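The model shown is predicted, which means the values in this text are computed figures rather than measured ones. We count ligands from 1, going down the list as the structure has it; atoms in each ligand are counted the same way.
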Amino acid sequence: MEHVFCVVETLSKAFSQISELLGIQWAPMNIPMSRRLQTLAAFFWIYLILLGEALSIYLFIQLVYSRFWWVGILYGVWMLNDIEICNRGGRASEWVRNWTWWYYLRDYFPIKLVKTVDLDPSKNYLFACFPHGVISLGAFGNFCTNATGFQKLFPGMTCHLITLGGHFLVPFFRDLALALGVCSSSQESLMHLLDSKKYQGNCASMIIGGAAEALDAHPKEYKVILNRRKGFIRVAMKSGASLVPVFSFGETDLFHPPSNPENSLLRRVQEKVRQVTGVSPMFPMGRGMFQYSYGVLPVRSPVTTVVGAPLEVKKNLEPTSEEIDAVHAEFSERLATLFETEKVKYLKYHEEAKLVIT
Ligand SMILES: *[C@@H]1O[C@H](CO)[C@@H](O)[C@H](O)[C@H]1NC(C)=O
Ligand SMILES: *[C@@H]1O[C@H](CO)[C@@H](O)[C@H](O)[C@H]1NC(C)=O
């Protein structure tokens with residue numbers, strides 16, 4: 001018996017010494033069940049975002065080469081037949097958007113949705129969301145799920161997150177994205193969602209900076225890409241939808257990626273890969289499931305998405321570049337004002353928080 005104790009003691013000593021050496025800080029053992037479930041929800045979510053598409057493709061290939069190959073073929077035929085749906089308003093499922101998973105995910109950080117004014121459910125809106133952050137958690141939690149009360153906050157309105165059309169070519173993964181209300185970023189898709197003859201109370205939420213902005217996601221920094229982004233202004237003008245500045249405070253605090261200033265070697269490699277593949281190579285360095293030092297799990301840090309006041313846009317089917325620039329300038333000013341007036345409420349470090357628009 002004594003030998004066993006001795007061994008256990010030696011092992012546990014060695015364990016804590018190794019931990020110290022590697023700088024690992026372990027999570028305590030006595031964590032309440034609800035918090036464990038939140039961590040589990042965040043864990044599955046981050047792996048869904050990081051590996052979901054690769055896994056879906058792998059499963060599809062496995063299926064096609066299995067005994068049930070005909071299921072794969074049938075699915076493939078159906079998918080090809082269905083390929084345009086992402087440009088035609090998608091296929092949101094209120095059931096999927098209300099999964100308990102999203103409620104635990106919300107509470108992990110927590111994620112909150114805040115409105116500054118009411119929106120008119122007889123109109124359509126283009127939500128221009130900033131910043132992208134590493135993974136756009138605020139946009140996901142608030143606009144793909146019902147967990148933060150979008151329906152309650154904006155009665156009569158429906159929300160669609162906008163993403164690159166390529167995601168809708170991935171078998172299985174596309175079905176989940178569609179069920180969450182996600183639609184393609186093509187011109188056709190946006191004009192469809194914002195068409196006042198087809199819909200009332202539709203919101204299309206676009207993350208304007210896109211993957212390029214993700215490279216600038218560092219804690220306490222808010223560097224957004226807007227000056228060269230004009231396409232969304234054109235879409236708002238052509239459809240007559242109002243432009244709504246949306247800002248997620250805390251979005252950049254979820255990970256601590258390595259420093260990559262402009263012209264650093266890492267940054268140049270990242271930009272090169274992005275130019276070639278369209279995907280930003282990022283380092284989602286957060287915490288782990290049972291320790292706080294290493295891993296891809298985002299840290300528990302609040303994300304508050306504030307929906308600003310809409311900027312009315314006059315419908316104009318053929319806007320000139322001067323007209324676009326005028327709306328763009330007005331929108332940029334509104335975004336900067338939204339950041340300045342709201343940061344005090346949602347950022348502990350608001351005094352040092354600056355919005356840098358590039
Ligand atoms: C959505 O989920 C919430 C929380 O789990 C639950 O209270 C609510 O009843 C659900 N709504 C519907 C329509 O099932
Ligand atoms: C959405 O969430 C609200 C609570 O905020 C709940 O009352 C409602 O039933 C949910 N809607 C759906 C369709 O699940």
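A salt bridge links K345 with E342: the distance from a Lys NZ or Arg NE/NH1/NH2 to an Asp or Glu carboxylate oxygen falls below 4.0 Å. Electrostatic pairing of R229 and E213 does not count as a salt bridge here, judged by no charged N lying under 4.0 Å from a carboxylate O.
Of the N or O atoms in N98, one or more lie within a sub-3.5 Å distance of an N or O in ligand 1. Considering backbone and side-chain N/O atoms, E94 never comes within less than 3.5 Å of an N/O atom of ligand 2.
Considering only heavy atoms from C-beta on, Y125 comes within 4.5 Å of D120 through its side chain. Side-chain contact between W45 and L137 is present, with at least one heavy-atom pair separated by less than 4.5 Å.
Counting protein heavy atoms under 4.0 angstrom from atom 14 (O) of ligand 1 gives one or more. Under the 4.0 angstrom criterion, atom 11 (N) of ligand 2 counts as having a protein heavy-atom contact.
Nearest protein heavy-atom contact of atom 5 (O) of ligand 2 is K152 NZ, 3.9 Å.
Near Y103, meaning under 4.0 Å from any of its heavy atoms, are these atoms of ligand 1: 1 (C), 2 (O), 3 (C), 4 (C).
Taking each of N146, T145, V96 in turn, the one with a heavy atom nearest to atom 6 (C) of ligand 2 proves to be N146.
Y104 and A41 make their closest contact through CB-CB, 3.6 Å (heavy atoms, listed as atom of the first residue, atom of the second, distance). Of all non-hydrogen atoms in A139 and L161, the two that sit nearest each other are CB-CD1, 3.8 Å.
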